Amino acid sequence: MRKFLLLIAMAVSSAVSYAAGNVTVRVEGPSIARIDEYFNVQFIVDAEPDDYSEPDFGGLDLVAGPITSFSRSMSWINGKASNTVSYIITYSLIASKEGVYTVGPMSVEVDGKTVKSKPYPIEVVKERTTRRSQGFASDDVLLRMVVSKTEVYKGEPVVATVYLYGLDKVASLGGATPPAFNGFWKQELSVSGAQPERVTFNGKVYDRMPVARYLLFPQKSGRLEVERMDVTAIVMVESSMQGPGSLLDEFMGLRGSVMEQREHRMTTSPVAVEVRELPSPTPVGFTGAVGNFGVSAQLSSLKIKANSSATLTVTVSGTGNLPTVAEPKPSVPGTFDLYPAKSSDDFSLATGGVSGSRTYTYPLIPRAEGRYTIEPVKFSYFDPATARYHTVATDPIDVEVLPDDSGASSGAIVGGPVKEDLAILGKDIHFIRLGDPKLSARDSFFVWSPVYVLVLAALAAISCGVLFYMRKRVKAMRDAVKVRNKRANKVALRRLKQSKAYMDAGKEALFYEEMMRALYGYVSDKLNIPVSDLSKDNIEERMAEGGISQTDITAMIKLLSDCEWARYSPGASLQMTSVYQASLDLIDRFESKL
């Protein structure tokens, strides 16, 4: 009986929630379409309509529709029921001429009320064709770096996004070499969950998808460049098929053609960003904060016993270059001992910068009882939106210092706010030292004494040793090739150790990603091949020059290809244990020959 009443209550509550809500109609569809390309436009109503009218398609040809679908979900959270309804009306359209078309509003009736959607514009373009009916053109698949701003202030965030154009022709990606981002503080943003979008570029229509996104903070003024990024794609290419096709191929329009996979290397062009210096003069205490910030301060207790510890907590919050901001400097009365702060962060990354807060905890100890005031903590920042400096401050904190636990007076009771340094004495007569004072004659000097000469000789010996060591180290560091060659094995083994941890945890994707880093990094360091020039052809050529046998060269190239295929191709099946052991064996053989 109780369950039955609960269901009735949920239904009534859902009905009330549904009746009280505002019904809306939204439109979803492509913003760009090609001539003679089928596409869908959907009208989504958050209620089940009593009736609806077909919209004006503005010159677009109706191929199919309306096709309707309906879904309803109910939830009960904290004693409150909610009802979610989606009624979708789909039309399939096509355009025979280029131009801008506008799908008119749809009128929907729900409970006697009429709701209309907004007009939806669609641009139809005639795609520039540069490829043959069969084959592959260089601009079928592209990689582009796009920055959110090309002119910024120093410290102002810039978002750099790497887009893959021609998504429908790409089977997998691999061999990515990220930019160095010289002159920027960099943080990678997640692109998981991103959806492809339809765009036009150089007269062609592409489906593009972000493959990498970076949040950048320029650390110096002038012209900075976001360097190029290299990626290898496995693309699907239609090629002629030898021999007569089957009846099914002829019926499906595939007679005489076959799809094959090819490797396509892509590189983004460098993108320049002009970074302006922050205006002068800067406010007193400005530490380089750029964005929009606030500051707050709190004392652990407003009543503290003398010689007891307390904590002053200062929090800087907002959005901007929070990770690179220097800590504020609080000012405390002279009878307080202030100690270095410990900081903690609560950050989240967004395209507008780093949002969140950084908290500084300062231990302090008051030494004399009385009433004091901790002055406001000031924090200055530059707001690029207004191109002005702003200074925010906390409220002053009044604190009362009580006598310590011994009950003895510390020497002074100070009333009212005190800003001057105080010298507090516990007694008015200093202790007189007794015993042998160990005084020396006035004509006795330390200079040129035996101890002085011994110390001087020791310092000279230490200086010569340090100088000899530094010269030897500088000479060794100048040989960059030798340094990279020497550290190659150590770096590779460290990465292979991390790969084994992923293998033991069953994290296959991370295992192959770390294996690729280990192998490519080892080859780059051992053979002195710049990262930007890494390719299987270069690796094979340099290994042959280094005296590596053709068997080992072939094994290394195959191992690199297998790792890339397993990492980026869905459904690939390789034994992680055999790949890991093969990597160890190859590196061990190379170490004995290079």
Side-chain angles (χ1 to χ4, degrees), residues 282-289 291-347 355-382 389-435:
T282 58
V284 177
F286 176 71
T287 58
N292 197 331
F293 300 96
V295 64
S296 62
Q298 184 179 6
L299 193 63
S300 59
S301 177
L302 299 181
K303 291 186 178 181
I304 315 170
K305 291 183 180 181
N307 301 314
S308 298
S309 64
T311 55
L312 176 64
T313 303
V314 180
T315 301
V316 178
S317 58
T319 301
N321 58 340
L322 263 174
T324 61
V325 171
E327 67 178 90
K329 299 296 183 182
S331 177
V332 298
T335 57
F336 284 55
D337 293 338
L338 185 68
Y339 296 90
K342 294 183 178 180
S343 63
S344 60
D345 300 330
D346 184 12
F347 293 160
S355 299
S357 62
R358 171 168 283 180
T359 302
Y360 303 90
T361 304
Y362 297 87
L364 54 82
I365 300 177
R367 295 302 184 185
E369 63 264 29
R371 296 183 182 276
Y372 302 90
T373 298
I374 297 178
E375 297 182 0
V377 179
K378 296 182 179 180
F379 184 82
S380 298
Y381 65 91
F382 178 77
Y389 291 98
H390 301 272
T391 300
V392 292
T394 65
D395 295 328
I397 301 176
D398 295 325
V399 57
E400 181 181 359
V401 180
L402 306 175
D404 61 16
D405 292 332
S406 66
S409 172
S410 60
I413 299 177
V414 183
V418 176
K419 299 181 180 180
E420 297 80 4
D421 291 342
L422 302 177
I424 307 300
L425 300 179
K427 299 180 181 181
D428 58 351
I429 299 177
H430 287 272
F431 178 75
I432 300 176
R433 180 170 181 169
L434 303 176

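Predicted, not measured: the structure shown is a model, and the values here were computed from it.
Looking only at side-chain heavy atoms (C-beta outward), N321 and Y381 stay at 4.5 Å or farther from each other. Annotation: side chain of V314 is not in contact with side chain of F379 (no heavy-atom distance under 4.5 Å). Residues Y372 and P366 have side chains not in contact (no heavy-atom distance under 4.5 Å, counting atoms from C-beta outward). In this structure the side chain of V401 never reaches within 4.5 angstrom of the side chain of T335, judged on heavy atoms. Between V295 and T394, the closest side-chain pair of non-hydrogen atoms falls below 4.5 Å. When side chains are defined from C-beta on, P396 does not count as touching I374, because their heavy atoms never get closer than 4.5 Å. At least one side-chain heavy atom of V316 sits under 4.5 Å from a side-chain heavy atom of L322.
Residue Q298 places its CD atom among 12 or fewer non-hydrogen atoms of other residues, nucleotides or ligands, all under 6.0 Å distant.
Rounded to the nearest 0.5 angstrom, E327 CD and T287 OG1 are separated by 9.5 Å. Within the model, atoms OG of S309 and CG of D337 stand 11.5 Å from one another, a figure rounded to the nearest 0.5 Å. Once rounded to the nearest 0.5 Å, the distance linking CG of D398 with CG of L302 reads 8.0 Å. Taking CD from E400 and NZ from K305, the interatomic distance works out to 12.5 Å, rounded to the nearest 0.5 Å. Atom CD1 of I365 sits about 10.5 Å away from atom CG of L338, to the nearest 0.5 Å.
The two residues A289 and F293 have their closest heavy-atom pair at CB-CE1, 3.9 Å. Closest non-hydrogen pair, I304 versus A310, comes out as CD1-CB, 3.6 Å. Smallest separation of non-hydrogen atoms from S317 and S357: CB-CB, 3.8 Å. The two residues R358 and V325 have their closest heavy-atom pair at NH1-O, 3.6 Å. Between A297 and V377, the closest heavy-atom pair is CB-CG2, 4.4 Å. Here the closest heavy-atom approach between residue A341 and residue Y360 is recorded as CB-CB, 4.1 Å.
Between S380 and T391, the side chains place a donor N or O and an acceptor N or O closer than 3.5 Å (distance only, hydrogens not considered).
Side-chain N or O atoms of T373 include none that pairs as donor or acceptor with a backbone N or O of E375 at under 3.5 Å. D345 places no side-chain N or O within 3.5 Å of a backbone atom of G356 that could act as its donor or acceptor partner.
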What verdict does the side chain to side chain contact (heavy atoms under 4.5 Å, CB included) test give for K378 and V392, after you've listed the backbone C-alpha separation in whole Å, the side-chain angles of each residue and the deciding distance to 0.1 Å? CA-CA 6 Å; K378 296 182 179 180; V392 292; over 6 Å; no
